[in-house]
Amino acid sequence: HRRTRGLDFWVEETTSAGDVARLGPGRLDVLVCHDAPARPPGAEPLPRLSPRQIDEASRAQVAAAVAATSPRLVVHGHWHHRYTSEVPTPGGVTRIEGLASNLEADDGALLALDTATLASMGKSADLEGPTS
């Protein structure tokens, strides 16, 4: 409600069926997207978001992408709410990691992963070496 179309908001920001189709039919390891799949367990309620900020059509498209590609991991940040959830998919189970705002003091905006296993390695503050 505070943004201006064409200046700091674009209609094209929403996920479309064409975006989902471009992913193809193969299984993904990781899907990084702005919004979350439709209503993953453990993610509700959505703090800080008004009903106007929740684009159910976009969330449904992300859910379609997850169903089509059965990624091992989905990472998103739109809700600015840190949570972990799992959903069943045709390829097994998909873990969903919602990231907090980069203004959060608990470091929930960052996710460090072991690239071989996709296991979380903890908060960036818990890791040795640079985190940039």
Side-chain angles (χ1 to χ4, degrees):
H1 67 280
R2 290 182 225 146
R3 300 187 306 167
T4 303
R5 186 175 178 163
L7 177 63
D8 54 6
F9 167 75
W10 293 265
V11 174
E12 299 83 12
E13 288 180 331
T14 192
T15 305
S16 70
D19 296 327
V20 174
R22 280 189 292 282
L23 291 173
R27 184 162 193 201
L28 298 177
D29 288 325
V30 180
L31 176 63
V32 179
C33 45
H34 180 76
D35 213 337
R39 306 215 185 271
E44 308 291 347
L46 304 178
R48 299 187 196 99
L49 292 186
S50 73
R52 289 181 55 191
Q53 292 172 294
I54 301 170
D55 183 346
E56 295 294 343
S58 180
R59 291 175 72 187
Q61 291 298 337
V62 175
V66 171
T69 61
S70 296
R72 292 172 48 204
L73 173 65
V74 173
V75 179
H76 78 90
H78 177 66
W79 299 350
H80 299 188
H81 172 61
R82 183 70 180 99
Y83 73 94
T84 301
S85 182
E86 291 185 342
V87 295
T89 58
V93 174
T94 293
R95 188 173 95 237
I96 301 170
E97 297 283 354
L99 302 178
S101 163
N102 60 356
L103 302 175
E104 297 294 318
D106 71 353
D107 210 15
L110 301 176
L111 181 65
L113 296 172
D114 178 319
T115 57
T117 65
L118 299 182
S120 174
M121 296 171 60
K123 297 179 187 178
S124 63
D126 298 334
L127 305 174
E128 292 183 21
T131 59
S132 60

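Cys33 and Val74 get closest at one heavy-atom pair: SG-CG1, 3.9 Å. Contact detail for Val93 and Arg27: the closest heavy-atom pair is O-NH2, 4.2 Å. Among all heavy-atom pairs drawn from Val66 and Pro37, the shortest one is CG2-CG, 3.9 Å. Scanning both residues, Asp35 and Ser58, for their nearest heavy atoms gives OD2-OG, 4.1 Å. Leu118 approaches Asp29 most closely through the heavy-atom pair CD1-O, 3.6 Å. When all heavy atoms are compared, the tightest approach of Ile96 to His76 is CG2-CD2, 4.0 Å.
Annotation: side chain of Thr89 is not in contact with side chain of Arg72 (no heavy-atom distance under 4.5 Å).
Of the inter-residue distances, the one linking Arg59 atom CZ with His34 atom NE2 reads 11.5 Å to the nearest 0.5 angstrom. With rounding to the nearest 0.5 Å, the separation of CG in Leu28 from OG1 in Thr94 is 9.5 Å. With values rounded to the nearest 0.5 angstrom, Leu113 atom CG is found 6.5 Å from Ser120 atom OG.
A continuous path of Ile, Leu, Val, Met, Phe, Trp and Tyr side chains, each step under 4.5 Å between heavy atoms, connects Leu31 with Tyr83, placing both in one hydrophobic cluster. No path of Ile, Leu, Val, Met, Phe, Trp and Tyr side chains, each step under 4.5 Å between heavy atoms, connects Val32 with Val20, placing them in separate hydrophobic clusters.
In this structure, Arg95 contributes its side chain and Ser85 its backbone to no donor-acceptor pair below 3.5 Å.
Partners of Arg22 by salt bridge (Lys or Arg N to Asp or Glu O under 4.0 Å), not counting sequence neighbours, listed by chain and number: Asp19.
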